[in-house]
Amino acid sequence: MARQHTLAIADHRQVTPRLRWLALHAADLARDVRPGHALLVWCNDPDDPYRLLRRPLFVAGALPELGQVALLYEPDEPGLAWLARRLPGDALNTIGLCGRALHIAPHQRNLLLIGAGAGLAALICVARIASAHTAVTLIALAGDQAGLPPSFLLPSAVEYETMVSADLNATLAEALQPSTGTSPLMWADAVIAALPREATPTLAQAIRSVRLRLPRGFAHILIELLPGCGFGACGVCAVDLRGGVRLPCVEGPWFDLRDGEGT
């Protein structure tokens with residue numbers, strides 16, 4: 001169960017003109033981190049009208065040997081801009097670990113990860129953990145080069161590809177159904193995606209086009225968390241999926257693509 005923690009900043013640096021890497025001293029959490037876990041961070045900016053709403057940030061990596069967990073984020077709103085000004089040694093009020101971990105089946109030996117935006121942090125966590133026993137390819141999409149996580153955040157065993165374009169759906173379609181060469185969907189045993197909701201129909205269509213069907217369990221999507229309580233009480237993050245309303249903060253953030261396509 002998620003609990004409140006006061007965590008000291010171990011390292012905080014800019015890794016691209018837009019993205020920042022934040023490592024926190026959290027020995028207990030570092031041992032328990034799984035892909036999809038998030039921390040809710042209180043960004044205590046007195047000038048922020050939404051300061052009482054904790055910002056959910058997906059864990060991008062766990063460093064048990066150092067007793068640290070790491071977050072990757074873009075300070076694109078007042079609360080996260082306040083966070084970007086914190087220095088090593090400063091303490092942060094957090095709640096975590098929130099969300100359910102992603103389960104990777106033993107037979108899934110070739111993982112295709114594809115994402116854009118804040119969810120890329122969760123995919124980096126998947127890649128860092130899964131690449132120890134599974135072949136992993138990560139395709140990162142962004143509107144510009146500064147939005148792409150740097151390759152040094154990933155293990156050398158991960159095949160890392162990037163694509164830059166202002167048209168996310170067109171870029172996603174080209175990544176999965178390239179005009180030349182073989183689609184990565186042909187060899188993937190599983191697809192794990194972290195994309196804006198409007199891109200999920202494109203993902204589902206590409207899978208059906210290449211593989212002729214979309215079986216349950218083949219593709220999972222991450223639904224980004226909204227600032228809120230993290231315990232499912234406020235209902236801010238509620239989404240309407242096939243089968244009813246779900247709460248990503250406690251029931252997600254991973255859902256079968258069959259349940260989330262087109263919603």
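The figures that follow rest on heavy atoms only: side chains count, while hydrogens, waters and symmetry mates do not.
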Q: If every non-hydrogen atom of R51 is compared with every non-hydrogen atom of W42, which pair is closest and at what distance?
A: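 Taking R51 first and W42 second, the nearest heavy atoms are O-NE1, 2.7 Å.
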Q: Could you state the interatomic distance from CD (Q177) to CD1 (I207), rounded to the nearest 0.5 Å?
A: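 Those atoms lie 10.0 Å apart.
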Q: Could you give the distance from CG (L22) to CG (D11), rounded to the nearest 0.5 Å?
A: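 Interatomic distance, L22 CG to D11 CG, rounded to 0.5 Å: 8.5 Å.
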Q: Enumerate, atom names and distances included, each donor-acceptor pair closer than 3.5 Å involving a side-chain atom of residues 63-70, sequence neighbours excluded.
A:
none

Q: Rounded to the nearest 0.5 Å, what separates atom CD1 in I221 from atom CD1 in I114?
A: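 Spacing of CD1 (I221) from CD1 (I114) equals 13.5 Å.
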Q: Should P149 and I124 count as side-chain neighbours, where that means a heavy-atom distance under 4.5 Å?
A: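 Side-chain contact under 4.5 Å: yes.
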Q: Run the side chain to side chain contact (heavy atoms under 4.5 Å, CB included) check on L24 and I9 step by step: do they pass?
A: CA-CA 5 Å; L24 304 171; I9 297 176; 3.8 Å; yes
Q: Which distance, rounded to the nearest 0.5 Å, do you find between the CD of E174 and the OG of S183?
A: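 So the CD of E174 and the OG of S183 are separated by 10.5 Å.
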Q: How far does CG of L71 sit from CH2 of W21, to the nearest 0.5 angstrom?
A: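 One gets 8.0 Å once the value is rounded to the nearest 0.5 Å.
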Q: Salt bridge or not for R34 and D32, using N-O below 4.0 Å?
A: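 Salt bridge absent between R34 and D32.
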Q: Could you tabulate the donor-acceptor pairs under 3.5 Å formed by side-chain atoms of residues 85-95, not counting sequence neighbours?
A:
from : atom 1 : to  : atom 2 : distance (Å)
R85  : NH1    : A81 : O      : 3.4
R86  : NE     : W82 : O      : 2.9
R86  : NH2    : W82 : O      : 3.3
D90  : OD2    : L87 : N      : 2.9
N93  : OD1    : R54 : NH1    : 2.9
N93  : OD1    : R54 : NH2    : 2.8
T94  : OG1    : H5  : O      : 3.2

Q: Could you walk me through whether I139 and L141 pass the side chain to side chain contact (heavy atoms under 4.5 Å, CB included) check?
A: CA-CA 7 Å; I139 302 176; L141 314 175; 3.9 Å; yes
Q: Distance-only, no hydrogens or angles: does the R128 side chain make a donor-acceptor pair with backbone N or O of L153 under 3.5 Å?
A: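 Present.
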Q: Closest approach of M163 and A175, non-hydrogen atoms and distance?
A: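 Reported closest heavy-atom pair: SD-CB, 3.4 Å.
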Q: Side chain of R55, backbone of L53: donor and acceptor closer than 3.5 Å?
A: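 It does hold such a pair.
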Q: Evaluate the side chain to side chain contact (heavy atoms under 4.5 Å, CB included) criterion for residues L57 and L40: first the C-alpha distance (whole Å), next the side-chain angles of each, then the deciding distance (0.1 Å), finally the verdict.
A: CA-CA 6 Å; L57 297 175; L40 303 185; over 6 Å; no
Q: Given 3.5 Å as the limit, does a donor-acceptor pair link the side chain of E74 with the main chain of D76, or not?
A: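 Checked: no pair found.
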Q: Are L212 and F218 connected in a single hydrophobic cluster, I mean Ile/Leu/Val/Met/Phe/Trp/Tyr linked by side-chain heavy atoms less than 4.5 Å apart?
A: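 In one cluster: no.
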Q: Grab the two heavy atoms, one from A142 and one from L148, that are nearest each other, plus how far apart they are.
A: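 Nearest pair, atom of A142 first, then L148: CB-CD2, 3.5 Å.
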Q: Without swapping roles, check the side chain of R109 against the backbone of A135 for a donor-acceptor pair under 3.5 Å.
A: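 Answer holds: no.
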Q: To the nearest 0.5 angstrom, please state how far the CD1 atom of I192 sits from the CD1 atom of I104.
A: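 Reported value, rounded in 0.5 Å steps: 4.5 Å.
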Q: Looking only at atom types and distance, does a side-chain atom of W254 sit under 3.5 Å from a main-chain N or O of P35, one as donor and one as acceptor?
A: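 Indeed, once roles are kept as given, a pair shorter than 3.5 Å links the two residues.
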Q: If you compare all heavy atoms of C43 against all heavy atoms of L83, which two are closest, and at what distance to 0.1 Å?
A: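 The pair with the smallest heavy-atom distance is SG-CB, 4.1 Å.
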Q: Can you give me the closest heavy-atom contact between P253 and G99, atom names plus distance?
A: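 Minimum heavy-atom contact is CD-CA, 4.2 Å.
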Q: Ignoring hydrogens, what is the shortest heavy-atom contact between A199 and L172? Give both atom names and the distance.
A: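 Smallest heavy-atom distance, with atoms named: O-CD2, 3.6 Å.
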Q: N110: what forms a side chain to side chain donor-acceptor pair (under 3.5 Å) with it, not counting sequence neighbours?
A: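 Listed in chain order: D189.
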Q: Is the backbone N or O of L72 less than 3.5 Å from a side-chain atom of R20, with the two atoms forming a donor-acceptor pair by type?
A: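 Between the backbone of L72 and the side chain of R20 there is no qualifying donor-acceptor contact (under 3.5 Å).
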Q: So that I can tick it off, tell me whether D144 and R18 are bridged by a salt bridge, with the cut-off set at under 4.0 angstrom between side-chain N and carboxylate O.
A: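 Here R18 pairs with D144 in a salt bridge, since their nearest N and O are under 4.0 Å apart.
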Q: I'd like to know if the side chain of R3 and the backbone of L97 have a donor-acceptor N/O pair within less than 3.5 Å.
A: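 Such a contact is absent between R3 side chain and L97 backbone.
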Q: Has the side chain of T171 got a donor or acceptor atom that lies under 3.5 Å from a matching backbone atom of D167?
A: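 Present.
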Q: Quick one about Q108 and T134 (side-chain donor to acceptor, distance below 3.5 Å, no hydrogens or angles considered), yes or no?
A: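 Short answer, no.
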Q: Decide yes or no on side chain to side chain contact (heavy atoms under 4.5 Å, CB included) for L222 and F58, but give the supporting numbers first.
A: CA-CA 11 Å; L222 177 142; F58 289 111; 3.7 Å; yes
Q: Check whether any side-chain heavy atom of L176 sits under 4.5 Å from a side-chain heavy atom of L112, and report yes or no.
A: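 They are in side-chain contact.
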Q: Let me check something: do I129 and F152 share a hydrophobic cluster, defined by ILVMFWY side-chain heavy atoms less than 4.5 Å apart, either directly or through other members?
A: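 Different clusters: I129 never reaches F152 through Ile, Leu, Val, Met, Phe, Trp or Tyr contacts under 4.5 Å.
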Q: More than 12 non-hydrogen atoms from neighbouring residues, nucleotides or ligands closer than 6.0 Å to CZ on R13, yes or no?
A: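 No - once you tally the heavy atoms of other residues, nucleotides and ligands closer than 6.0 Å, there are 12 at most.
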